Amino acid sequence: MTTTFDRRAALALLASGALAPGLASAAAPFSFDRVKARAKALTAKPYVPPPAPPVEVQAMDYDAAQGVGFYREKIPLWGGDWGIELFPLSRGVSKAVAINLVEKGVSRPLTYDPAMFSSREDSPFRALPANAGFAGFRAMSRDDRGEWLVFHGASYFRSPAPFGQYGLSARAIAADTYAVQPEEFPDWREVWLEKDAQGRLVIHALMESPGMVGAYRFVNDRNGLALTQTVEASVHFRRAFDQMGVAPLTSMFWFGEDRGGPDWRPEIHDSDGLAMWTGSGERIWRPLSNPARVVTSTFSDENPKGFGLIQRDRDFEHYHDDQARSERRPSVWVEPIGKWGRGTVRLVEIPTDNETNDNIVAFWTPEAPVRAGSKINLAYRLHWTGDTPAPSNLARVVATRTGRPGEPGKDGEATGRKIAVEFRGENLLALRTAIDIQADVTARGGQIRLLSHYPADRREAETDALWRVVFDVAPDGAEPADVRVVLRQNGRALSETWTALVFPLPAGN
């Protein structure tokens with residue numbers, strides 16, 4: 001594919017002293033160490049908010065923003081099979097971010113030019129000032145397969161990999177998410193885009209808010225349609241925070257297979273579970289819920305091997321949504337690099353009555369408190385994938401179903417909830433007739449009743465097996481019972497550990 005403005009041609013122009021369209025004349029030596037040094041220096045200075053957006057941005061609503069295109073011949077940076085497109089300001093993302101291009105250790109700022117964009121003659125985009133600035137960027141495939149990475153708004157970023165469908169988002173940091181003091185949302189203030197020697201997109205970014213300044217580096221590796229981002233982060237704090245979340249993921253869960261919702265579709269969610277691989281090697285699955293009140297769950301760990309928000313249900317028949325295509329929503333797995341020490345994986349579940357609000361947040365909180373003048377240095381990988389990428393021979397949780405407790409026709413006054421957990425795995429196939437399989441079910445703050453477990457009927461050409469564990473949970477009081485379920489054989493785990501907070505069933509249900 002050829003363009004009228006290829007990166008190689010742009011470098012030739014720069015070398016000759018001429019300026020390519022969209023590139024300012026200022027140039028400066030660049031390295032990630034310089035970004036980290038700048039972040040440290042800014043921490044000692046008072047926060048300076050970004051300039052107020054132009055008033056014309058208010059007319060750029062969602063429909064108007066969707067109507068603005070980017071001319072492919074204006075793409076300022078090409079990799080081997082990708083190119084960078086830019087976003088104009090809009091009502092939804094009204095803060096400008098400075099964007100630079102890096103080549104051979106030299107950085108040059110990219111100048112905003114309205115001629116980069118296409119729009120209708122009556123579009124409010126045409127009223128934006130000539131120096132309005134960029135709202136963010138996205139990486140596009142050269143072969144017209146569409147975009148594969150977007151940085152757009154606050155410190156959020158997301159990818160449709162590996163199924164070509166957007167869903168959950170990642171962000172740089174989560175500061176005081178549902179803590180005592182209000183949550184703080186940092187912004188990407190400046191980014192540097194680079195094609196490395198392997199043709200990969202490398203993103204360097206400066207993040208800032210009143211309470212913190214951070215330097216981030218993202219190395220993006222694509223394997224077919226899958227994406228892995230290697231992240232290096234150094235964050236300095238101007239003030240103390242009650243709750244700091246690193247490597248945060250944000251998603252949506254309205255309702256799933258456990259009970260029907262108010263919509264014609266049987267399930268609506270971007271993710272259906274939080275998966276964890278603890279430092280001790282335990283595999284944990286926490287099904288997501290849409291609670292009646294904000295619920296924060298903490299899972300203490302030391303040197304975790306990984307965690308992520310997962311969309312495990314990939315059956316279209318469970319969603320029947322030809323537009324949202326929930327079965328194609330990505331999962332994101334966080335793989336720590338090095339020792340993260342002691343801390344907690346935290347899951348925040350927020351009530352929602354629609355699918356437009358992100359109501360699920362998961363992140364890692366280090367044990368050491370965040371004080372004024374402290375810093376966090378971390379490295380990790382983000383795997384945009386279909387399920388947990390770490391290999392395991394354990395059966396996985398594939399469904400969680402809930403209902404009224406008791407035995408049909410006998411226990412009309414039974415309290416609590418009935419839970420059915422379904423495990424599926426190749427290792428269970430040969431154990432259908434085994435008599436030493438145990439369902440290890442415990443409840444803290446509640447009682448387990450009517451426990452049974454059994455393999456489901458075998459289906460033709462089945463390569464794995466489904467095993468159900470069914471039981472009632474009766475919480476001791478108004479607070480939920482903390483329940484754990486795992487299949488075992490002679491004490492050895494055969495499955496992930498299913499865990500959930502089981503609330504009392506509301507009256508009338």
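Worth saying up front: this structure is predicted, and the values here are computed from it rather than measured.
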Measuring only between side-chain heavy atoms, which start at C-beta, is Y216 closer than 4.5 Å to V191?
no
Does some side-chain heavy atom of V246 sit less than 4.5 Å from a side-chain heavy atom of I376?
yes
Do you know the tightest heavy-atom contact between W148 and S141?
CD1-OG, 3.6 Å
Going by distance alone, is a donor N or O of one side chain under 3.5 Å from an acceptor N or O of the other, for R346 and T296?
no
Are side-chain N/O atoms of D176 and Q243 paired as donor and acceptor at under 3.5 Å?
no
Between R238 and E184, does any side-chain N to carboxylate O distance fall below 4.0 Å?
no
Beyond-backbone contact of N220 with I203, side-chain heavy atoms, under 4.5 angstrom:
yes
Indicate yes or no for a side-chain donor-acceptor contact from R126 to the backbone of R120 under 3.5 Å, with no hydrogens or angles considered.
yes
Using a cut-off of 6.0 Å, state whether more than 12 heavy atoms not belonging to K375 lie near its atom NZ.
no
Run the numbers on R396 and T388 for side chain to side chain donor-acceptor pair (under 3.5 Å), then give the verdict.
CA-CA 10 Å; R396 296 185 175 190; T388 53; 3.1 Å; yes
Heavy-atom closest pair (A26 atom, P109 atom, distance to 0.1 Å) is O-CD, 3.0 Å
Ignoring hydrogens and angles, state whether a donor on the side chain of Q229 or W384 is under 3.5 Å from an acceptor on the partner side chain.
yes
Taking G153's backbone N and O only, do any of them form a donor-acceptor pair with D187's side chain (distance below 3.5 Å, no angle check)?
no
Measuring only between side-chain heavy atoms, which start at C-beta, is V97 closer than 4.5 Å to I99?
yes
Are R142 and W78 in a cation-pi setup, meaning NZ or CZ lies under 6.0 angstrom from the ring centre and within 45 degrees of the ring axis?
yes
Electrostatic pair R312:E327 at N-O distance under 4.0 angstrom:
no
The test is side chain to side chain donor-acceptor pair (under 3.5 Å); show your working for E147 and Y166 and say whether it passes.
CA-CA 10 Å; E147 58 200 69; Y166 281 114; 2.5 Å; yes
Has R91 got a side-chain atom pairing as donor or acceptor with Q58's backbone, closer than 3.5 angstrom?
yes
What are the two closest non-hydrogen atoms of A240 and Q181, and how far apart are they?
O-NE2, 3.7 Å
Show, in sequence, the C-alpha distance, side-chain angles and deciding distance for S289 and E349, and conclude whether the side chain to side chain donor-acceptor pair (under 3.5 Å) test is met.
CA-CA 7 Å; S289 68; E349 297 169 296; 3.1 Å; yes
Determine, step by step, whether R329 and E355 satisfy the salt bridge (Lys or Arg N to Asp or Glu O under 4.0 Å) criterion, reporting the C-alpha distance in whole Å, the side-chain angles of both residues, the deciding distance to 0.1 Å, and the verdict.
CA-CA 14 Å; R329 300 296 170 104; E355 62 191 287; over 6 Å; no
Without swapping roles, check the side chain of D113 against the backbone of A115 for a donor-acceptor pair under 3.5 Å.
yes
Would you check if Y380 and W340 make a side-chain contact, meaning some heavy-atom pair closer than 4.5 Å?
yes
Is the closest side-chain donor-acceptor distance between N100 and E190 under 3.5 Å?
yes
Quick one: do the S326 and R314 side chains pair a donor with an acceptor below 3.5 Å?
no
Scan side-chain atoms only and decide if W254 and T352 contain a donor-acceptor pair under the 3.5 Å cut-off.
no
F157 and W188 aromatic ring geometry - parallel, tilted or perpendicular at 30°/60° bounds
tilted
Ignoring hydrogens and geometry, is there a side-chain-to-backbone donor-acceptor pair from N359 to F253 under 3.5 Å?
yes
Give the ring-plane orientation class for F237 versus F241, where under 30° counts as parallel, over 60° as perpendicular and anything between as tilted.
perpendicular
Could you tell me if the ring centre of F307 sits under 6.0 Å from that of F363?
no
Heavy-atom count around N223 CG within 6.0 Å, excluding the residue itself: above 12?
no
Which heavy atom in G133 sits nearest to a heavy atom in L89, and how many Å separate them?
O-CG, 3.8 Å
Could you check if a side-chain atom of P50 sits within less than 4.5 angstrom of a side-chain atom of K95, using non-hydrogen atoms only?
yes
Contacts of P480 that satisfy side-chain contact (heavy atoms from CB on, under 4.5 Å) - sequence neighbours left out
R293, L501, F503
Can you tell me if Y178 has over 12 outside heavy atoms packed within less than 6.0 Å of its OH?
no
Under a 4.5 Å cut-off applied to non-hydrogen side-chain atoms, are R484 and W498 in contact?
no
Worked verdict on D33 versus S31 for side chain to side chain donor-acceptor pair (under 3.5 Å):
CA-CA 5 Å; D33 285 339; S31 68; 5.0 Å; no
Has R222 got its NZ or CZ under 6.0 Å from the middle of the six-membered ring of W82, at an angle within 45 degrees of the ring axis?
no
Mind checking side-chain hydrogen bond (donor to acceptor under 3.5 Å, both in side chains) for S280 and listing every partner two or more places apart, or none if nothing turns up?
T278
Using modelled atom types only, decide if a donor and an acceptor are shared between the side chain of R328 and the backbone of F163 within a distance under 3.5 Å.
yes
Please, which pairs that meet salt bridge (Lys or Arg N to Asp or Glu O under 4.0 Å) have at least one residue in residues 295-304, sequence neighbours excluded?
E302-R342
May I ask you to check whether F117 and Y71 place their ring centers less than 6.0 Å from one another?
no
L86 and I75, any side-chain heavy atoms less than 4.5 Å apart
no
Grab the two heavy atoms, one from S119 and one from V68, that are nearest each other, plus how far apart they are.
CB-CG2, 4.3 Å
Rounded to the nearest 0.5 Å, what separation is found between the CG atom of D272 and the CD1 atom of I310?
8.5 Å
Check: S271/S251 side-chain N/O donor and acceptor closer than 3.5 Å:
yes
Answer yes when K36 and E232 have at least one side-chain N-carboxylate O distance shorter than 4.0 Å, and no when they do not.
yes
Can the ring centroids of F137 and H152 be said to lie less than 6.0 angstrom from one another?
no
Could you tell me whether R283 and E496 have a side-chain N and a carboxylate O separated by less than 4.0 Å?
no
